[in-house]
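Structure first, commentary second.
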Amino acid sequence: MNTARHASERLMSWPSLIADPALCGAEVGLRTATREIVHFHGEHEADVHLSRAMIAKLRPALLGSSAVRLRAGSGWVTVRLDMGSDIDLLATLVSAALQASTRAPETGDGVPDGCTRT
């Protein structure tokens, strides 16, 4: 079962997300008008751009999930999609990412927070 496909189909129905190839080259990506929110690598992984501030806020919960991998210094997290509950977790994180995308841009060193896989 291709859980990434099921997850992307579910998220494509959200009116605030636009399907678009990901900036990192992943075939399937979803974005708002201003920011890439999620993209899919392979059949079982998705990267979600939460923002560094949102990751800091959610860190205890993120660290408690075996499906989530944090990337040091990045606003992106990777979600391993092995079962339906992982898709539900991804949807929750995408919702948090959408909330974060409506706030002021992250401050920092000015370097774009692109996919960590490029």
Side-chain angles (χ1 to χ4, degrees):
M1 174 170 77
N2 185 332
T3 50
R5 183 177 49 100
H6 290 292
S8 66
E9 288 171 357
R10 177 175 169 182
L11 293 171
M12 281 183 204
S13 71
W14 291 19
S16 54
L17 293 174
I18 303 160
D20 198 23
L23 296 174
C24 68
E27 187 176 320
V28 179
L30 299 169
R31 62 181 299 109
T32 66
T34 59
R35 181 188 293 182
E36 187 173 315
I37 298 294
V38 61
H39 56 255
F40 297 87
H41 292 281
E43 295 183 354
H44 299 284
E45 283 192 342
D47 289 338
V48 182
H49 188 255
L50 287 172
S51 81
R52 291 177 190 103
M54 186 63 75
I55 289 172
K57 181 178 180 179
L58 298 176
R59 183 172 294 282
L62 295 171
L63 291 173
S65 173
S66 61
V68 175
R69 185 173 62 239
L70 301 178
R71 299 183 180 270
S74 176
W76 291 87
V77 299
T78 298
V79 181
R80 181 77 184 157
L81 303 168
D82 289 325
M83 58 187 80
S85 60
D86 297 335
I87 295 172
D88 294 338
L89 171 62
L90 176 65
T92 299
L93 294 177
V94 168
S95 180
L98 287 168
Q99 180 183 18
S101 75
T102 63
R103 296 183 180 154
E106 293 182 41
T107 58
D109 57 8
V111 176
D113 194 16
C115 177
T116 57
R117 297 180 192 222
T118 57

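Here, residue 1 is the first one in the sequence, and each next residue gets the next number. Atoms considered below: every heavy atom in the structure, side chains included; atoms not considered: hydrogens, waters and symmetry mates.
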Under 4.5 Å between any side-chain heavy atoms of M12 and S8, yes or no?
-> yes
What's the spacing between C24 SG and H41 NE2 if we round to 0.5 Å?
-> 4.0 Å
Which atom of A100 lies closest to which atom of M54, heavy atoms considered = CB-CE, 3.9 Å
Criterion side chain to side chain contact (heavy atoms under 4.5 Å, CB included) on L89 and L93, from CA distance to verdict = CA-CA 6 Å; L89 171 62; L93 294 177; 4.2 Å; yes
Could you state the interatomic distance from CG (L50) to NZ (K57), rounded to the nearest 0.5 Å?
-> 11.5 Å
So NE2 of H49 and NE2 of H39: to nearest 0.5 Å the spacing works out to 10.0 Å
Under a 4.5 Å cut-off applied to non-hydrogen side-chain atoms, are S51 and R35 in contact?
-> yes
Is there a path of hydrophobic side-chain contacts, each under 4.5 Å between heavy atoms of I, L, V, M, F, W or Y residues, that connects W14 with I37?
-> yes
Of the options V77, L58, T78, which is the one that meets L70 in a side chain to side chain contact (heavy atoms under 4.5 Å, CB included)?
-> V77
Point-to-point distance, once rounded to the nearest 0.5 Å, from NE2 of H6 to CG of L90 = 13.5 Å
R5 versus E43: any side-chain heavy-atom pair under 4.5 Å?
-> no
From T32 atom OG1 to L17 atom CG, the distance as rounded to the nearest 0.5 Å | 8.0 Å
Flag side-chain contact, heavy atom, 4.5 Å: V38 against V79 | no
Closest contact, heavy atoms only, S13 versus R10 = OG-O, 2.7 Å
Contact check, side chains of T3 and D86, non-hydrogen atoms, under 4.5 Å | no
Interatomic distance, N2 atom CG to H44 atom NE2 [nearest 0.5 angstrom] | 6.5 Å
